[in-house]
Amino acid sequence: MTESTPPLLRSYAELSSAELATDGGMMEECQLPLIDLNGLKSGDRRERVACCEAICRAASEWGFFQVVNHGINNELLRKMRREQVKLFRTPFERKASSGILNNSYRWGTPAATCSKQFSWSEAFHIPLTKISEETCYGDFTSLRDVMMEFAPAMSRLAKLIAGILAENLGQSKEEFGNICEESNCFLRLNHYPPCPLPPEKIFGLVPHTDSDFLTILYQDQVGGLQLMKDSKWVAVKPNQDALIVNIGDLFQAWSNDFYKSVEHKVMANAKMERHSVAYFLCPSYDSLIGSCKEPSVYRKFTFGEYRRQVQEDVKKTGHKMGLPRFLL
């Protein structure tokens, strides 16, 4: 292991290796619904409506979809990837102790008590409120320049898509925008180092659903992302021209289960490292999440209450319970 690699192997060895992460074997590969967002700019109303309908249908039937012509410049995406690679190649001790990026560096799963709870990955979680702060970056000044451009671009795209999904539920874009505060939104820079363990023994990122309204993912071409579709795991085929959008728990609750927050995971790779960047669209902590129609599937709860419950469950049981905790 190189000096830049977190001590994942040592931590994994301390866990029970009796339980396997997955059954292994051949994995069916799926092509996510692909939506061209140029349709939203069309002068033809029917094309605009068809594009909106495709977004809402994918959110309901898949919980995941891809978007092209999304308005984020390819050169900006390439710059973001270059800076991300440079950041993660920094020696581990510096990443872990220098306080860069709001002291948000995390590796593995320190609270894991068995192998199936362990993630073979490292990440930085950066609130949007900290993106502009020079003191967060230390010597990584070029990363700040890119993040200052990248974060607002992802935010605009997330709000555009979320507004369409909200309107489909009878909510105005303006009303929805009032509860999504950038102070609670954040970016997560992910790195999955090559894993020397058999891939059937370890996750890159454990199975989970996202606790936000929606997530936008920019990933490389290595692959490894899998999602639950029709009660089985399927592998997502990477598309270098597309960004991935997935529905979070809050939109599932708000839509009364019309939109689906789908369980997903990342598998480790024995030979290649993987990078991705995720943008999470979140409301204020005191925002009340209720159903768009009655009878409601879930009781009303605030985002702050939801996050506290998730954290408590993970601490007690090692895994997230999520929305089932709030069923009526």
Side-chain angles (χ1 to χ4, degrees), residues 4-6 32 37 64-91 94-95 98-107 121-162 182 184-194 204-205 210 212 214-225 236-246 264 266 269 272-282:
S4 63
T5 304
L32 294 178
L37 296 187
F64 269 77
F65 54 95
Q66 303 172 99
V67 292
V68 293
N69 292 315
H70 41 68
I72 301 181
N73 185 276
N74 284 335
E75 181 56 30
L76 174 59
L77 294 174
R78 285 191 288 268
K79 286 180 182 178
M80 184 70 246
R81 180 55 35 78
R82 287 196 295 269
E83 292 297 330
Q84 182 181 11
V85 170
K86 188 193 312 181
L87 174 67
F88 281 112
R89 286 181 179 169
T90 303
R94 185 181 175 199
K95 288 181 289 192
S98 67
I100 54 175
L101 293 180
N102 199 43
N103 197 33
S104 64
Y105 179 69
R106 301 291 183 270
W107 59 272
S121 55
E122 56 180 337
F124 287 92
H125 300 244
I126 310 100
L128 259 59
T129 53
K130 299 292 184 179
I131 294 292
S132 63
E133 293 187 9
E134 294 183 14
T135 54
C136 279
Y137 295 88
D139 297 333
F140 294 92
T141 54
S142 57
L143 173 61
R144 179 180 181 270
D145 293 340
V146 175
M147 293 275 278
M148 288 279 288
E149 188 177 356
F150 182 80
M154 292 287 269
S155 178
R156 286 191 295 270
L157 179 59
K159 288 179 178 179
L160 172 67
I161 294 171
E182 291 198 349
N184 286 331
C185 300
F186 64 95
L187 285 172
R188 186 173 70 204
L189 311 185
N190 302 303
H191 176 229
Y192 304 86
L205 188 62
D210 290 350
D212 57 353
L214 62 79
T215 305
I216 298 180
L217 182 73
Y218 167 46
Q219 64 170 353
D220 61 21
Q221 297 306 295
V222 173
L225 176 64
V236 175
K237 185 177 181 179
N239 182 338
Q240 64 178 358
D241 299 318
L243 297 176
I244 290 178
V245 181
N246 71 272
H264 53 286
V266 176
N269 190 300
M272 294 184 288
E273 63 180 345
R274 178 180 186 268
H275 294 87
S276 68
V277 184
Y279 177 92
F280 297 87
L281 182 66
C282 303

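Numbers here simply count residues along the sequence, with the first being 1.
Q219 has its side chain within reach of R274: a pair of non-hydrogen atoms, C-beta onward, lies under 4.5 Å apart. Side-chain contact between I216 and L214 is present, with heavy atoms from C-beta onward closer than 4.5 Å. Looking only at side-chain heavy atoms (C-beta outward), L87 and I100 come within less than 4.5 Å of each other. For the pair L189/M80, a side-chain contact is recorded, criterion being any heavy-atom separation below 4.5 Å from C-beta on.
To the nearest 0.5 angstrom, F65 atom CZ is 11.0 Å from I244 atom CD1. The OG1 atom of T90 sits 9.5 Å away from the CG atom of D139 when rounded to the nearest 0.5 Å. In this structure, NE2 in H264 is found 4.5 Å from CZ in F64, a value given to the nearest 0.5 Å. Atom NE2 of residue H125 and atom CZ of residue F186 lie 6.5 Å apart, to the nearest 0.5 angstrom. Annotation: the span from S276 atom OG to Y218 atom OH amounts to 10.5 Å, rounded to 0.5 Å. To the nearest 0.5 angstrom, L128 atom CG is 9.5 Å from C282 atom SG.
At least one donor-acceptor pair under 3.5 Å links the side chain of Q84 to the backbone N or O of N190. A side-chain donor-acceptor contact under 3.5 Å links D220 to the backbone of H275.
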Sequence neighbours left out, cut at 3.5 Å: what donor-acceptor pairs do the side chains of residues 140-147 make with other protein atoms?
residue	atom	partner	partner atom	Å
S142	OG	E83	OE1	3.0
S142	OG	E83	OE2	3.0
S142	OG	K86	NZ	3.4
R144	NE	S132	O	2.9
R144	NH2	S132	O	2.6

If you look only at distance, which donor and acceptor atoms sit under 3.5 Å apart when one is on a side chain in residues 67-78 and the other is two or more places apart or in another chain?
residue	atom	partner	partner atom	Å
N69	ND2	D36	OD1	2.8
N69	ND2	D36	OD2	3.2
H70	ND1	I72	N	3.2
N73	OD1	E75	N	2.7
N73	OD1	L76	N	3.3
E75	OE1	R78	NE	3.2
E75	OE1	R78	NH2	3.1
E75	OE2	R82	NH2	3.3

Between side-chain atoms of residues 150-162 and protein atoms elsewhere (two or more places apart, or another chain), which donor-acceptor pairs fall under 3.5 Å?
residue	atom	partner	partner atom	Å
S155	OG	E182	OE2	2.7
S155	OG	Y279	OH	3.2
K159	NZ	E182	OE2	3.2

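Partners of N102 according to the side-chain contact (heavy atoms from CB on, under 4.5 Å) rule, which considers only residues two or more places apart in sequence or in another chain, are P127, K130, C136. For K79, there are no side-chain hydrogen bond (donor to acceptor under 3.5 Å, both in side chains) partners two or more places apart in sequence or in a different chain. With sequence neighbours excluded, the residues forming a side-chain hydrogen bond (donor to acceptor under 3.5 Å, both in side chains) with N246 are D210, listed by chain and number.
Side-chain polar atoms of H191 and E273 form a donor-acceptor pair below 3.5 angstrom.
Atom CD of E134 is surrounded by 12 or fewer heavy atoms from other residues, nucleotides or ligands within 6.0 Å.
Geometrically, R188 does not engage F280 in a cation-pi contact, judged by NZ or CZ lying under 6.0 Å from the ring centre and within 45° of the ring axis.
By the 30° and 60° cut-offs, the orientation of the rings of F124 relative to F88 is tilted.
Nearest heavy atom pair, residue T215 against residue D212, reads OG1-OD2, 2.8 Å.
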